[in-house]
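Both backbone and side-chain heavy atoms feed into the values below; hydrogens, waters and symmetry mates do not. Residue numbers begin at 1 in each chain, while the letters A, B, ... track the order of the sequences.
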Protein chains: 2
Amino acid sequence: MQISTKGKYAVRAILNIAHHPKETPVSLAAISKEEGISLLFLEQIFQSLRKGEIVRSLRGAHGGYVLARDPSDITIGEIVRLLEPPLYTSSCFSKHEAVDDCRIADSCLGFVLWKQLAELVDGFLDSITIADMVTQARPEVVYSLRVKSNRMLPEKARKETSPEPLEVV
Amino acid sequence: MQISTKGKYAVRAILNIAHHPKETPVSLAAISKEEGISLLFLEQIFQSLRKGEIVRSLRGAHGGYVLARDPSDITIGEIVRLLEPPLYTSSCFSKHEAVDDCRIADSCLGFVLWKQLAELVDGFLDSITIADMVTQARPEVVYSLRVKSNRMLPEKARKETSPEPLEVV
DNA sequence: AATAAACTTGACTTTTTTAGTCAGGTATCT
DNA sequence: AGATACCTGACTAAAAAAGTCAAGTTTATT
Ligand code: FES
Ligand code: FES
């Protein structure tokens, strides 16, 4: 389970743009140089970001990219989802079935588990905006995340019949 | 960002074993059949699980695997970490540097961001034990996860985004 | 002791995904 | 016009994930 460089690069690039004055376009060439990311790769990434309406492009000489919305209206989650495959793609099995489409999901514990995990991650990443990150010069102060009670219902009658065997097609 | 099938299979397999009486070994052949997972692949996975002291092996006829510890002492996180590369491997860049080893980490926002994410995920997965999952016949009731404050800047009042207790009803 | 069930090991192959590249554009500013 | 910079889609190389294989070793049972 990893975040791809594509996702990380995208966040870095957007952060870079966000550090510039609101209306001055930033060229990919500049970002490439500053962040040490391949220009060609950036171009590919920015197509997704543009289509996802995270950035707007200004073509021509002295053109570049500009945030399409207010930094406080762009979340890390949005960016990451544009560039990563979804964390929660499918059932317990690889990819045989579409999301939420396993016909034995009701009796499947893994189903709930992975789905909860995906929602947790999305919730976290969606709770952080670009504005949050640029107004923060340094990260030292940044913390207040706390998981309160994250247990799976501990109190439940012990069941004795085996769960129906999970059949595979 | 995905959980690999290896990790999912491992959890499924362990759950399968946990559903059997405490001291009866379960053979991989049986798990393979019931869960629809390649026997050869399972063997590979179980090497990791054994080294990680999640299971013990009993060789010979009627042998198989048995949980090495009490189900309430084995967390999903432990299992997953044995089979997945760590979520938080490195810096903002691909893999040029070791964990926590970036020399500009102090001034890097991404550093904190991805690290927090990794801790969130690990915290979640570590909070769920095998016992939690087997005492639960069905998943419908399963929830009580709550993220208290899931943002980076506490003083900034913003819209309430924290994931509602995820209802799986 | 012989047999057979079942685990053990390490290497191997195949498939899929990630990361990065390329060529040949189009739009816009000066 | 010329330079700058985005646009598009396909392409390739490298790495990781998923799955396989062969040749064992260990132990229960007969
Ligand atoms: S969701 Fe289909 S088996 Fe778990
Ligand atoms: S640049 Fe090294 S951790 Fe971000």
Any base atoms under 4.0 Å from A:Val55, or only sugar-phosphate, or nothing? Heavy atoms, all strands.
nothing
For atom [atom1] of [X] and atom [atom2] of [N], their distance in whole Å:
{"X": "A:Ile3", "N": "C:dT17", "atom1": "CD1", "atom2": "P", "result": "18 Å"}
{"X": "B:Leu58", "N": "C:dA6", "atom1": "CG", "atom2": "P", "result": "12 Å"}
{"X": "A:Ile45", "N": "C:dT21", "atom1": "CD1", "atom2": "C1'", "result": "13 Å"}
{"X": "B:Glu43", "N": "D:dG24", "atom1": "CD", "atom2": "P", "result": "16 Å"}
{"X": "A:Arg56", "N": "D:dA5", "atom1": "CZ", "atom2": "C1'", "result": "16 Å"}
{"X": "B:Lys33", "N": "C:dA5", "atom1": "NZ", "atom2": "P", "result": "14 Å"}
{"X": "A:Leu40", "N": "D:dA13", "atom1": "CG", "atom2": "P", "result": "15 Å"}
{"X": "B:Phe46", "N": "C:dT9", "atom1": "CZ", "atom2": "C1'", "result": "17 Å"}

With respect to the side chain of [X], which nucleotide from [options] is positioned closest?
{"X": "A:Thr5", "options": "C:dA19, D:dA18, D:dC6", "result": "C:dA19"}
{"X": "A:Tyr9", "options": "C:dG20, D:dA17, C:dT8", "result": "C:dG20"}
{"X": "A:Ser57", "options": "D:dT20, C:dG20, D:dC7", "result": "D:dC7"}
{"X": "A:Tyr65", "options": "C:dT21, C:dC7, D:dC6", "result": "D:dC6"}
{"X": "B:Phe41", "options": "C:dT9, D:dG19, D:dC7", "result": "D:dG19"}

Under 3.5 Å donor-acceptor, [X] side chain and [Y] backbone:
{"X": "A:Ser38", "Y": "A:Leu40", "answer": "yes"}
{"X": "A:Asp132", "Y": "A:Thr129", "answer": "yes"}
{"X": "A:Thr135", "Y": "A:Ala131", "answer": "yes"}

Between B:Arg81 and B:Leu125, is a side-chain contact (heavy atoms from CB on, under 4.5 Å) present by the stated rule, with each step listed?
CA-CA 10 Å; B:Arg81 273 191 301 275; B:Leu125 293 180; 5.7 Å; no
OP1 or OP2 of D:dT20 sitting under 4.0 Å from any side-chain N/O of B:Ser38?
yes
Hey, is the side chain of B:Ser4 poking within less than 4.0 Å of OP1 or OP2 on D:dA16, counting only N and O atoms?
no
Shorter than 3.5 Å, N or O on both sides, protein versus nucleotides 28-30 of chain D: list them out with atom names.
none

Which residue lies toward the 5' end of DNA chain C, A:Glu84 or B:Leu39, if each is placed at its nearest nucleotide?
B:Leu39
Which is more 5' along DNA chain C, the nucleotide nearest B:Gln44 or the one nearest B:Ser27? Just name the residue.
B:Ser27
Among B:Val80, B:Asp126, B:Ile128, exactly one meets side-chain contact (heavy atoms from CB on, under 4.5 Å) together with B:Thr75. Which residue is that?
B:Asp126
Go through the structure and list residues passing side chain to side chain contact (heavy atoms under 4.5 Å, CB included) with B:Leu58, not counting sequence neighbours.
B:Pro25, B:Arg56, B:Val66
At what distance, to the nearest 0.5 angstrom, does CH2 of A:Trp114 lie from CD1 of B:Ile3?
4.5 Å
Between A:Gly63 and A:Gln47, which is nearer to the 5' end of DNA chain D once each is assigned its nearest nucleotide?
A:Gly63
Taking atom CD as the centre, does A:Glu53 end up with more than 12 heavy-atom neighbours from other residues, nucleotides or ligands that are less than 6.0 angstrom away?
no
